[in-house]
Amino acid sequence: MNYSFKEIEEKWQKLWEEGQVFKAVFDAAKPKYYLLEMFPYPSGKIHMGHVRNYTIGDVAARYRMMRGFNVLHPMGFDAFGQPAENAAIKNKTKPDTWTHQCIESMETELKKMGFSYDWAREVSTCDSDYYRWNQWIFLKMFERGLAYKKASNVNWCPSCETTLANEEVVDGECWRCHSKVEQKDLEQWFLKITEYKERLLEDLFLLNDWPERVRAMQTNWIGKSQGVEIYFPLKDSDKVIPVFTTRADTIFGATYVVLAPEHPLVKEIIKGNPLEKTVLAFIEKVAKESKDVRTKEDVKKEGMFTGCSCINPVNNEVIPIWIADYVLMEYGTGAIMAVPTHDQRDFLFAKEHRLPMRVVIEPLGHRPLTVEQLTEAYESDGIQVNSGLFNGLPNQEAKFKIAQWMEEEKMGSIKVHWRLRDWLISRQRYWGTPIPMIYCKKCGIVPVPYKDLPVELPKDAPFTGEGGSPLSKVSEFVNVTCPKCSAPARRETDTMATFFDSSWYFLRFCSPKCNEMPFDAKEAKYWMPVDQYIGGIEHAILHLLYSRFFTKFFQDLGLICFNEPFKRLLTQGMVLKDGEVMSKSRGNIVDPDSMIQKYGADTLRLFILFAAPPETELEWDDRGLEGAFKFLNRIWRIQENLKEKADPALTRALHKAIKRVSEDVESFKFNTAIAGLMEFVNTIYQSGADKEIFSKLIILAAPFIPHFAEELWQSMGNKESIFKASWPSYDPQMLVEENVTVAVQVNGKVRSKLEVPVDIGDDALKDLVLADEKLKPWIEGHAIKNFIVVPRKIVNIVI
RNA sequence: GCGGGGGUGGCGGAAUGGCAGACGCGCUGGUCUCAGAAGCCAGUGUCGCAAGACAUGAGGGUUCAACUCCCUCCUCCCGCACCA
């Protein structure tokens, strides 16, 4: 007979809720533990990824609870965003209605998994109680010059009909819908994340408990590179072309300069020159090419001579100025010095267009190196040649010396270049936080006064699916009076990117009902930072970088006194089916709800925790799920046959299990923790357990299979929840065995095993080993060269 | 190209430099049963009747002893990238 999971799970979910077992209450006297999983977008249904993420978190939360911590384990919904608008257009409902329905059904599903959330702290970012603080934060940023409006060339998704942040463009495609991203010139709101670039980079070193991968990705994204900005004076003009390079050591080999076609200087310098028309035609042609085409590796690089020249400041050589499609305006200064001998791109381009070359670095083992010998650019280290004062120096040393020299001689200046750009947050969409700004003909851009917050999102905007923000069609929303001069004015109709919402929700959870501020400083001081954050790798840059930025901003406002929001980060692996990510389009989705129906939430949890370590990918396996179910029934049967007094030998096994499970749970090795539980169950299964041993067993199992454990706990006569019980500790004395098995090796190969007292002396052990019949054939007639004893483990005889 | 992480039975996966393959799935045999399912017991890396030999991507090295440390290489996954 299988245990009746359905009944048990429903019963405990109800009792936990009624008893407020997981309510988190501020208590400065108690050590806190803030466990957070990335909150979901309310799509309406949870998927296996959610189940895995939240189960991992739930185990850690329940374990800490039993360890006596005051645990904060909240849940909420990242509820603004485009799917709600799409659904609204399709189903002719309101985004608001659709979203709230989804939240409700998702809550129900999450509750069926038995997660230990403090539901009283639930927040939804689409509630004005929440998003008014987005507006508050935005205004604070505006006051400090960190939110600003700027006209620029921005990413535009034609299908989502909105602008996108750089972080939201992946391989030239919209991260959400995979449409090709276009470029548009628009005036948009930006957040000055670049103001924090140094701190965002430096503080990554503090995050020792983050996965190396995530730190590396953020480092890459911020993209700090040291170099020199070199000034190339134009011939016959007092203008200069600034060029950024990280390879100052190659400057003597710069034989031409290339500008990006859209570089503002180009039109200036070609004015009136015979090539003007052809150059303009080329610029126009390149302008039509997408960045994607221009930067494709296998496409031939196009370019042409501008008819103008400039001077290489280090040797006063007159060198030609070209323009080419592979030079991008976005990077550096939009101009490069070309060193064909030591840069492969320049090499190919120079060959193609028959441009001059000069070797300035020679490999140690191949000197001299001539241009004729080169079949490709020499990009490795070597010794400087043809480099004036710097001849004979190793190039790495020369790199610094040349940079310094150029700075002294005012030929350039040492500069740091950053890849990180400011964060574009305007979205031409409806379902988001209104940007609290007003445009007045007389006063210009006027922030909405704090007392007028929130700027409520009108619930009944017209939804046609046609382009343009629906908000601009709601005249009561758009038409306002200027807060400064009371003249008629217009509201901003763009909304904020939803990543704004999720950049500080972890702080809101500390005091979700706070009315005066985004969060209560005292509560935040107690609960924050998040001790353990868990979520998918897809947020390695976006959400995690933005949240770090916001945290530093709050620190600058004096609202908090820490600089990083998430102390530890765990990125859980994906759930696969047949080696592929579960997805609707592949049709390989396993619905969590149907698995709960069939086996119960505890079995689902157990399987998902046991099948792989949390960080690695997990291959879904129906039979594995059944195995987990079998294990639960096995424990159930032990309980049905409890004895008065169990074999005393089992106590040692119990203490070993306590040690193993505790250590493994502590370090998030849930798969081996469960393996340890299974081993223990196998040990006690035959001879039977008594009450003492069995209660310890179910306490150890409780974080993984909470309903099951709680039911058995209660059936043994306990009145309080098992999660109020304290986690057992082990007695190191109990782990010491009387006898141990020592493997005996001859020349590193196991030839025998001996059961010996644990505290046997080396000499006594040696005597025993030499008397062992099994070893005779191996050692007889050989001289023993060495006799190595590793106490309690191994003996190795070297002959 | 740069950065991060992998490669261990039929499968998921274990192993502070110390008995490779824990635990689970699957499989084989047995037991129970009128029969089946469930349960229970035993076995299960490869080759070999056995003794034993060989096995952690490949090849070297260090060591009494290497999945683990060092070197060379192959390969897979992820991120970034004509980044100047």
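Keep in mind that the numbers below use all heavy atoms, side chains included, and drop hydrogens, waters and symmetry copies. In what follows, chains are A, B, ... by sequence order, proteins preceding strands, each numbered from 1.
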Suppose we screen for side-chain contact (heavy atoms from CB on, under 4.5 Å). Which residues come up paired with [X], at least two apart in sequence or across chains?
| X | value |
| --- | --- |
| A:M678 | A:F610, A:F631, A:I674 |
| A:K415 | A:E229, A:F244, A:S413 |
| A:P592 | A:I46, A:M48, A:V51, A:L604 |

Donor-acceptor list for residues 774-781 of chain A side chains, cut-off 3.5 Å, not counting sequence neighbours:
from: A:K776; atom 1: NZ; to: A:E773; atom 2: OE2; distance (Å): 3.4

Exercise. Which residues in residues 215-224 of chain A have at least one heavy atom lying under 4.0 Å from any atom of RNA chain B?
Worked result: A:A216, A:M217, A:N220
Would you kindly give the [atom1]-to-[atom2] distance between [X] and [N], to the nearest whole Å?
| X | N | atom1 | atom2 | value |
| --- | --- | --- | --- | --- |
| A:E663 | B:rA14 | CD | P | 17 Å |
| A:E619 | B:rG10 | CD | P | 18 Å |
| A:D578 | B:rG12 | CG | C1' | 14 Å |
| A:N786 | B:rU63 | CG | P | 13 Å |
| A:E615 | B:rC77 | CD | P | 21 Å |
| A:I799 | B:rA65 | CD1 | P | 13 Å |
| A:I537 | B:rG79 | CD1 | P | 9 Å |
| A:Y685 | B:rC41 | OH | P | 7 Å |

Exercise. So which of A:W636, A:F629, A:F5 actually passes ring-ring contact (aromatic ring centres under 6.0 Å, His included) with A:F708?
Worked result: A:W636
Side-chain donor-acceptor contacts of residues 750-762 of chain A below 3.5 Å, not counting sequence neighbours, with atom names and distances?
from: A:S752; atom 1: OG; to: A:D772; atom 2: OD2; distance (Å): 2.5
from: A:E755; atom 1: OE1; to: A:T741; atom 2: OG1; distance (Å): 3.2

Tell me whether [X] at atom [atom1] has more than 12 heavy atoms from other residues, nucleotides or ligands lying less than 6.0 Å away.
| X | atom1 | answer |
| --- | --- | --- |
| A:M574 | CE | no |
| A:F787 | CZ | yes |
| A:K598 | NZ | no |

For this session: Sequence neighbours left out, what passes side chain to side chain donor-acceptor pair (under 3.5 Å) with A:N796? Give chain and number order.
Result: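 Residues passing side chain to side chain donor-acceptor pair (under 3.5 Å) with A:N796: none at all.
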Looking at [N], I'd like to know if its phosphate oxygens (OP1 or OP2) sit under 4.0 Å from a side-chain N or O belonging to [X].
| X | N | value |
| --- | --- | --- |
| A:T246 | B:rA84 | yes |
| A:R419 | B:rA81 | yes |
| A:R345 | B:rC83 | yes |

Using the [atom1] atom in both, what is the distance from [N] to [M], to the nearest Å?
| N | M | atom1 | result |
| --- | --- | --- | --- |
| B:rA66 | B:rG45 | P | 22 Å |
| B:rC25 | B:rC41 | P | 13 Å |
| B:rG21 | B:rC54 | C1' | 15 Å |
| B:rA37 | B:rU56 | C1' | 39 Å |
| B:rG3 | B:rC71 | P | 15 Å |
| B:rA65 | B:rA20 | P | 14 Å |
| B:rA53 | B:rC70 | C1' | 29 Å |
| B:rC34 | B:rA51 | C1' | 47 Å |

Every protein N/O lying under 3.5 Å from an N/O of nucleotides 49-53 of chain B:
from: B:rA53; atom 1: OP1; to: A:R751; atom 2: NH2; distance (Å): 3.2
from: B:rA53; atom 1: OP2; to: A:R751; atom 2: NH1; distance (Å): 3.2

Hey, are [Y] and [X] close enough side-chain-wise for a donor-acceptor pair under 3.5 Å?
| X | Y | answer |
| --- | --- | --- |
| A:E173 | A:H178 | yes |
| A:W210 | A:Q218 | no |
| A:D249 | A:Q396 | no |

Exercise. Where each residue is assigned the nucleotide of RNA chain B containing its nearest heavy atom, which of A:V170 and A:I336 is assigned the position nearer the 5′ end?
Worked result: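 Counting from the 5' end, the first nearest nucleotide belongs to A:V170.
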Exercise. Of A:Q686 and A:E212, whose nearest nucleotide on RNA chain B comes first from the 5' end?
Worked result: A:E212
Exercise. Please walk me through it: do A:K224 and A:E198 pass salt bridge (charged side-chain N to carboxylate O under 4.0 Å, His left out)?
Worked result: CA-CA 9 Å; A:K224 181 181 187 175; A:E198 293 272 12; 3.8 Å; yes
For this session: Just grab all the side-chain hydrogen bond (donor to acceptor under 3.5 Å, both in side chains) pairs involving residues 677-686 of chain A, residues at least two apart or on different chains.
Result: A:R634-A:N682, A:R637-A:Y685, A:R660-A:E679
Exercise. Base, sugar-phosphate, or nothing for A:P211, non-hydrogen atoms under 4.0 angstrom?
Worked result: nothing
Exercise. What nucleic acid atoms does A:F349 come within less than 4.0 Å of, heavy atoms only: base, sugar-phosphate, or nothing?
Worked result: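 Nothing, no nucleic acid heavy atom in range.
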Exercise. What's the closest nucleotide to the A:P613 side chain, out of B:rG13, B:rG12, B:rC64?
Worked result: B:rG13
Let me have the donor-acceptor pairs involving side chains of residues 344-351 of chain A, under 3.5 Å, with sequence neighbours excluded, atom names and distances please.
from: A:Q344; atom 1: OE1; to: A:A377; atom 2: N; distance (Å): 2.8
from: A:R345; atom 1: NE; to: A:D343; atom 2: OD1; distance (Å): 3.3
from: A:R345; atom 1: NH2; to: A:D343; atom 2: OD2; distance (Å): 2.8
from: A:D346; atom 1: OD1; to: A:Y326; atom 2: OH; distance (Å): 3.1
from: A:D346; atom 1: OD2; to: A:V339; atom 2: N; distance (Å): 2.9

Exercise. What does nucleotides 16-29 of chain B look like as a protein-contact string, B for base, S for sugar-phosphate only, - for none, at under 4.0 angstrom between heavy atoms?
Worked result: B-BB--BBSSS---
For this session: Have a look at B:rG9 and give me syn or anti from its glycosidic angle (syn if within 90° of zero).
Result: syn
Problem set entry | Range-with-range stems for RNA chain B, at least three Watson-Crick or G-U pairs under 3.5 Å |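 So the stems come out as B:1-7 with B:74-80, B:10-12 with B:23-25, B:26-31 with B:39-44, B:45-47 with B:52-54, B:57-61 with B:69-73.
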